Protein chains: 2
Amino acid sequence: MGTALQRTIHQLRSEDREFFQIAFSVDCVIFGFDKNELKVLLIKSDLEEFNNQWSLLGDLVKPNENLENASYRVLKERTGLDDVYLEQVYTFGEVNRHPAGRVISTAYYSLINIKDHQPKFCDNELHWHPVNEISTLAFDHKTILYTCLERLQSKIEEHPIVFNLLPEKFSLRELQNLYEAILGVKMDRRNFRKKFFLMNWLEDMNELEQDVPHRPGKLYRFNASRFSNGKVKSTPMPV
Amino acid sequence: MGTALQRTIHQLRSEDREFFQIAFSVDCVIFGFDKNELKVLLIKSDLEEFNNQWSLLGDLVKPNENLENASYRVLKERTGLDDVYLEQVYTFGEVNRHPAGRVISTAYYSLINIKDHQPKFCDNELHWHPVNEISTLAFDHKTILYTCLERLQSKIEEHPIVFNLLPEKFSLRELQNLYEAILGVKMDRRNFRKKFFLMNWLEDMNELEQDVPHRPGKLYRFNASRFSNGKVKSTPMPV
DNA sequence: GCAAAAGTGTTAGGGTTACACCCATGC
DNA sequence: GCATGGGTGTAACCCTAACACTTTTGC
């Protein structure tokens with residue numbers, strides 16, 4: 001199956017060990033939202049050490065490629081998407097975190113809209129897993145996943161990034177379901193609506209949901225110009 | 001001056017370029033507090049490319065050393081201190097950030113108490129610089145410094161870490177001056193006292209300041225047990 | 001008409017902010 | 001006694017959280 005450098009980092013086998021002094025990789029926690037669940041895109045590991053466990057998508061960083069570009073490349077190769085939201089979270093550098101040798105890895109998370117892009121990779125070894133139902137992952141990927149999830153949770157409290165997980169037009173109910181899925185809490189519907197309208201992040205499309213078995217809700221889209229005009233609340237603690 | 005691997009990463013010269021495919025380093029933003037100013041510990045760069053500019057303290061990560069240990073080692077070698085507060089912030093991986101070749105670097109910041117430890121390194125090329133008076137630094141170290149400062153600013157809003165910058169016993173005035181120096185804002189004295197006593201992080205030592213030309217203030221120390229018992233306020237946004 | 005979710009306002013409580021006077025000490 | 005900063009309380013405001021009924025649509 002080619003040389004070590006032709007494999008993705010998580011396919012490297014113990015017999016590749018001689019190639020490494022310190023290798024450097026990126027791992028992408030690719031979040032999606034579907035059926036009211038937060039999901040993460042995983043790939044089957046073919047390392048014997050990890051016996052068919054699932055792992056995050058990652059790859060070695062090339063000598064002439066910066067970290068963010070490496071993450072975009074992984075995303076592009078695996079999902080066909082560019083122009084996605086991407087944020088660096090943390091770098092994992094434990095000596096024995098990879099069985100094939102020393103691999104330091106920087107974790108990024110990205111937010112993509114499953115509905116518009118799922119067909120592009122439904123036929124390979126990738127799979128969307130509900131974040132809540134994941135018990136084990138290969139390597140230290142469970143730690144990486146939860147570190148990224150915590151970052152996402154705190155990020156959405158002040159920044160309008162969840163829109164990257166939704167179709168262009170969405171109802172307030174969908175938006176609230178998404179917040180509830182990410183934060184793992186239930187929220188009050190009236191307060192949620194009030195807060196979002198106060199934030200001034202939404203633009204009313206003057207359209208209604210279609211094909212719902214109940215009163216249809218209004219559709220909105222994220223209005224980036226309103227956000228860049230508006231100020232993000234900052235609380236200059238501690239007093 | 002020895003081989004490339006014997007030099008610290010920021011002393012590497014262009015003629016060392018051949019050694020690199022990708023090298024990996026840590027950079028430490030070492031914060032201190034003195035004379036009501038937030039300071040950072042810097043070292044003179046001897047790269048000709050950077051013509052005597054100041055730079056952060058850093059070093060290459062060894063193949064059998066994890067990232068945090070590498071940071072502790074830099075701190076120990078340079079300041080004689082271990083057991084300091086240390087937090088990873090961000091990894092900087094631009095292709096051309098180091099003139100000697102490709103160096104990816106993970107930034108950590110640490111908080112140390114200048115007053116108790118300054119004598120240990122007053123005689124070498126290290127110097128404490130007021131953060132507010134820094135105009136340029138070697139490499140991308142100014143970006144690294146400000147990234148770490150922003151992390152510190154948000155961190156102290158919810159976590160009791162500033163005590164690492166103070167002597168064991170301190171007055172509320174000193175504590176407030178420290179918060180003001182880090183956050184770059186003025187705060188109301190009465191509200192500051194009220195909030196801190198509510199937080200329940202402080203233990204009254206029943207001692208007073210000495211040798212001050214005015215009414216002496218009470219001395220306190222941080223009470224870790226109170227903190228671990230107490231809950232940190234969390235605001236489950238966005239609603 | 002019935003089920004299901006959309007849409008809508010008010011109130012109480014808690015936290016934050018703004019603000020002024022007396023007190024203790026050194027000189 | 002005077003200069004300096006320590007120590008203290010209250011009131012207004014804002015934000016958050018809790019809470020129930022009517023409306024619209026599909027079936």
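Chain identifiers are assigned alphabetically (A, B, ...) following the order of the sequence lines, protein sequences preceding nucleic acid strands; residue numbering begins at 1 within each chain. Values in this document were obtained by computation on a predicted structure and should not be read as measured data.
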Gap between atoms [atom1] and [atom2], on [X] and [N] respectively (whole Å):
X        : N      : atom1 : atom2 : answer
B:Leu219 : D:dG7  : CG    : C1'   : 15 Å
B:Gln210 : C:dT25 : CD    : P     : 11 Å
B:Leu175 : D:dG6  : CG    : P     : 12 Å
B:Phe192 : D:dT8  : CZ    : P     : 15 Å
B:Phe196 : D:dG7  : CZ    : P     : 15 Å
A:Glu157 : D:dT16 : CD    : C1'   : 14 Å
A:Met187 : D:dC15 : CE    : P     : 19 Å

Q.
Tell me if the NZ atom of B:Lys142 is crowded by more than 12 foreign heavy atoms within 6.0 Å.
A.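 Yes, NZ of B:Lys142 has more than 12 neighbouring heavy atoms, counting only those of other groups under 6.0 Å.
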Please enumerate all residues that pass ring-ring contact (aromatic ring centres under 6.0 Å, His included) together with [X], with sequence neighbours excluded.
X        : result
B:Tyr72  : none
A:His129 : A:Trp54, A:His127
A:Phe33  : none
B:Phe197 : B:Tyr220

Residues passing the side-chain hydrogen bond (donor to acceptor under 3.5 Å, both in side chains) test with A:Thr106, sequence neighbours excluded, are A:Thr91
B/S/- along nucleotides 4-12 of chain C (protein heavy atoms under 4.0 Å) is BSBBBBB--
